[in-house]
Amino acid sequence: MKTSWDIFCVVVDNYGDIGVTWRLARQLVAEHGLAVRLWVDDLKAFERLWPSVDPHLASQWQEGVEICQWPQQWQAVEAADVVVEAFGCKLPADYRHAMAARATPALWVNLEYLSAETWVSGCHGLPSPQPDRLQKYFFFPGFEAKTGGLLREAGLLAQRQAFEGDAQARQAFLASLGVDTAAGERLISLFAYENASLAEWLDTLADDSQPTRVLVPQGRILGDVQAWLGVGALPPGAVHQRGGVTLQVVPFVRQDQYDRLLWCCDFNAVRGEDSFVRAQWAGRPLLWHIYEQEEYAHWEKLEAFLALYVENLSPSAGQALTLLWRAWNQGLSMAEPWRQVLAHWDELQANAQKWCEKQAAQPDLASALVNFYRNWI
Ligand code: TRH
């Protein structure tokens, strides 16, 4: 019989929680042949990144995963062999009792948020003592050998390479978004939270001799784009040009299509957790808008990642990228850091590729979780 897995997800805000758990659930089914149920409290957010999800159904199957609406009044179900509690969402008390009542113990894993901080390697895989006889462990994604790694589907990089080598497929994909690029145009994707630095970055792009097209998926940054353009609502398909920069709003696409958008662009601005990782798999230079935390806790995460990411760059290229990321995350001036990034473009491009290969040489997170379970039983 297949090992059964239950993954629990509370959508705090945005799309990262469901983005990560849905990606993991799909991969556990597709690549490990497991029986996976995904419990989600907000199917509306889910529908956004996987439109075939019906937000009105209590239970449904998608890609071989049983998706269950996490009900406010929990109904008794049998507990699975492996229980993944994503990002510290609290399991229903009745479900915990069901776990404790099993003849064989269940493995209970708390999947944590991604961080490059050095303490992560020391905490990955540690047990978290529980009052009942349940066994719970911390599972930390990460960038280094002693962490749980990053979500990466088998064949992802080969798919990307095939796509990159197929000019027609690229053009057809962009056309499906209503995008028609001009020769020599730099392509940037822009997925970010509200950001006070945007206006100056756009000014800088507008003044550049090389034309730039910025593709903006529907989302929170659009208000800043509107303000800069001095226009009203910006529906998908809206295109506005100012100097050397063309801004084009694109629809929020299905999760796997978003990868293609990243693969099409020369530079990707991403945010949160999942799009941040996907941009790394795109092997292109990127700009990260980190999710802000209380007491500025996110800042150490940003610096910890940068320290790893710029390790093999020349000091001046590393400095250029670092200053750009810091400016973007603090609402500071982007003009000079962006010019410096352009001055080091080839080196940053090569580094993005090498970083991607280095990360891909580590076991992916889904395989690491499956191995964790195998070693535990
Ligand atoms: O939406 P986010 O800001 O999510 C954040 C972070 O995960 C953060 O850590 C968490 O604490 C907070 O939510 C609550 O950014 P993230 O993580 O990149 O998730 C976006 C998801 O949306 C990702 O799976 C990619 C997907 N996506 C699409 O499927 N289509 C699109 O067009 C776009 C732009 C994104």
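Just follow the structure's listing: the first ligand is 1, and inside any ligand the first atom is 1. Only a predicted model underlies this, so the values are computations on that prediction, with no experimental measurement involved. Numbers here are sequence positions counted from 1.
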Which of the atoms of ligand 1 are close to Pro217, meaning less than 4.0 Å from one of its heavy atoms?
34 (C)
Cation-pi check, [X] onto [Y] ring (under 6.0 Å, within 45° of axis):
X: Arg160; Y: Trp281; result: no
X: Arg278; Y: Tyr258; result: no
X: Arg254; Y: Trp50; result: yes

[atom]: which protein heavy atom is closest, and how many Å away?
atom: atom 35 (C) of ligand 1; result: Phe252 CZ, 3.4 Å
atom: atom 7 (O) of ligand 1; result: Gly16 CA, 3.0 Å
atom: atom 3 (O) of ligand 1; result: Tyr193 OH, 2.5 Å
atom: atom 18 (O) of ligand 1; result: Ser275 OG, 2.6 Å
atom: atom 21 (C) of ligand 1; result: Tyr15 CB, 3.6 Å
atom: atom 30 (N) of ligand 1; result: Val253 O, 2.6 Å
atom: atom 10 (C) of ligand 1; result: Tyr113 CE2, 3.9 Å
atom: atom 6 (C) of ligand 1; result: Gly272 CA, 3.6 Å

Going through the distances and angles, do Ile188 and Trp201 end up as a side chain to side chain contact (heavy atoms under 4.5 Å, CB included)?
CA-CA 12 Å; Ile188 294 182; Trp201 189 22; 4.0 Å; yes
Are Asp81 and Arg102 within salt-bridge range, i.e. N to O under 4.0 Å?
yes
Answer whether the closest heavy-atom distance between the side chains of Pro217 and Leu261 falls below 4.5 Å.
yes
Would you mind finding which of [options] brings a heavy atom closest to [atom]?
atom: atom 14 (C) of ligand 1; options: Val11, Val12, Asp13; answer: Asp13
atom: atom 23 (C) of ligand 1; options: Asp274, Thr21, Val270, Leu190; answer: Asp274
atom: atom 29 (O) of ligand 1; options: Gln218, Arg23, Gln255, Arg278; answer: Gln255

Connected-component partners of Leu332 among ILVMFWY, side-chain separation under 4.5 Å:
none
Should Phe87 be listed as contacting ligand 1, given a heavy-atom distance under 4.0 Å as the test?
no
Taking atom CD of Glu300 as the centre, does the number of heavy atoms from other residues, nucleotides or ligands within less than 6.0 Å exceed 12?
no
